[in-house]
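Reviewing the structure listed below.
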Amino acid sequence: MPASVQKYRDQLENRCLLVKNLKVFPIEAIVRGYITGSAWSEYKKKKSMCDIPLPDGLLESQSFEKPFYTPSTKAEIGSHDENIHPDKAVEIVGEKFAHDIAENSVKLYSKARKYACDKGIIIADTKFEFGTDSDGNLFLADEVLTP
């Protein structure tokens, strides 16, 4: 808790959040553990997901051995997000941030997937949004485990 609000600790503790201004990246970090939804639609047409080639013979809602990072663009209000290949995310946010976003997204999803599975819940896929602070540090910003 910042020193400027320490005198209010008894009123604030466990009742508020400390937030930061972030510059949110214009991509959504989608992680897929199962082939369903738009990924299934693309697979039926092209045997790929976000232009990532997949093996023949997959079944709808089948789980992947390892989750896939499949980012999307963030569309303007009223428009639809567009699934993109991970290489396109590199073009949009740069190599370092694209790598860090992909790695952190898969780690977060994998941990949440295991936790949910232990409770009898399937998280087929999810999305996260990331941003940076004024010092260029990466932060999870929004859309945490949104289906």
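Note that the numbering runs from 1 along the sequence shown for the chain.
- Residues satisfying the side chain to side chain donor-acceptor pair (under 3.5 Å) test with K114, not counting sequence neighbours, are D118.
- The same ILVMFWY cluster, assembled from side-chain heavy atoms under 4.5 Å apart, contains both L138 and L108.
- With sequence neighbours excluded, no residue satisfies salt bridge (Lys or Arg N to Asp or Glu O under 4.0 Å) with D87.
- K46 is linked by a side chain to side chain donor-acceptor pair (under 3.5 Å) to D51, counting only residues two or more places apart in sequence or in another chain.
- The salt bridge (Lys or Arg N to Asp or Glu O under 4.0 Å) check on D100 picks up K96, with sequence neighbours excluded.
- Among residues two or more places apart in sequence or in another chain, the salt bridge (Lys or Arg N to Asp or Glu O under 4.0 Å) test is passed with K23 by none.
- Side-chain contact annotation: S38 with N83, donor-acceptor N/O pair under 3.5 Å present.
- One distance of note links CG of N21 with OG1 of T132; it measures 11.0 Å at 0.5 Å rounding.
- A search for salt bridge (Lys or Arg N to Asp or Glu O under 4.0 Å) contacts involving E60 returns nothing, not counting sequence neighbours.
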Please report the C-alpha distance between I101 and Y69 in whole Å, then the side-chain angles of each, then the deciding distance to 0.1 Å, and finally whether the side-chain contact (heavy atoms from CB on, under 4.5 Å) criterion is met.
CA-CA 9 Å; I101 289 169; Y69 168 69; 3.8 Å; yes

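- Taking the side-chain contact (heavy atoms from CB on, under 4.5 Å) definition, one finds that S41 meets it with nothing, sequence neighbours left out.
- Counting only heavy atoms from C-beta outward, the side chains of I30 and P71 never approach each other to under 4.5 Å.
- I92 has its side chain within reach of P26: a pair of non-hydrogen atoms, C-beta onward, lies under 4.5 Å apart.
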How far apart are the C-alpha atoms of S63 and R113, what are their side-chain angles, what is the distance that settles it, and do they pass the side-chain contact (heavy atoms from CB on, under 4.5 Å) test?
CA-CA 11 Å; S63 66; R113 177 181 175 175; 3.7 Å; yes

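- Among residues two or more places apart in sequence or in another chain, the side chain to side chain donor-acceptor pair (under 3.5 Å) test is passed with N104 by none.
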Take E28 and K127, measure what salt bridge (Lys or Arg N to Asp or Glu O under 4.0 Å) needs, and give me the verdict at the end.
CA-CA 6 Å; E28 293 186 336; K127 67 179 156 182; 3.4 Å; yes

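- Side-chain contact between T70 and V31 is absent, with no heavy-atom pair separated by less than 4.5 Å.
- Checked by atom type and distance alone, the side chain of D133 pairs as donor or acceptor with a backbone atom of D135 at under 3.5 Å.
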Can you list, pair by pair, the side-chain donor-acceptor contacts under 3.5 Å of residues 2-14, counting residues two or more places apart and other chains?
{"residue": "Q6", "atom": "OE1", "partner": "R9", "partner atom": "NH1", "Å": "3.3"}
{"residue": "Q6", "atom": "NE2", "partner": "M1", "partner atom": "O", "Å": "2.7"}
{"residue": "R9", "atom": "NE", "partner": "E13", "partner atom": "OE2", "Å": "3.3"}
{"residue": "R9", "atom": "NH2", "partner": "E13", "partner atom": "OE2", "Å": "3.2"}

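- By the rule that hydrophobic residues join a cluster once side-chain heavy atoms approach within less than 4.5 Å of another member, I122 and Y109 end up as members of one cluster.
- With sequence neighbours excluded, no residue satisfies side chain to side chain donor-acceptor pair (under 3.5 Å) with S105.
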How far apart are the C-alpha atoms of E42 and K47, what are their side-chain angles, what is the distance that settles it, and do they pass the salt bridge (Lys or Arg N to Asp or Glu O under 4.0 Å) test?
CA-CA 7 Å; E42 181 183 332; K47 297 292 186 253; over 6 Å; no

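- Among pairs with a residue in residues 126-145, none fulfils ring pair (Phe, Tyr, Trp, His ring centres under 6.0 Å), at least two apart in sequence or across chains.
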Output, in order, the C-alpha distance, side-chain angles, deciding distance and verdict of side-chain contact (heavy atoms from CB on, under 4.5 Å) for K74 and V24.
CA-CA 10 Å; K74 287 179 60 170; V24 177; 3.7 Å; yes

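- When hydrophobic side chains of Ile, Leu, Val, Met, Phe, Trp and Tyr are connected at separations under 4.5 Å, I35 ends up clustered with W40, Y43, M49, I52, L54, L58, F64, F68.
- Looking at every heavy atom in both residues, R32 comes nearest to T36 through NH1-O, 4.1 Å.
- With contacts defined as side-chain heavy-atom distances shorter than 4.5 Å, the pair E129/L140 does not qualify.
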How far apart are the C-alpha atoms of V93 and I27, what are their side-chain angles, what is the distance that settles it, and do they pass the side-chain contact (heavy atoms from CB on, under 4.5 Å) test?
CA-CA 8 Å; V93 302; I27 62 169; 4.2 Å; yes

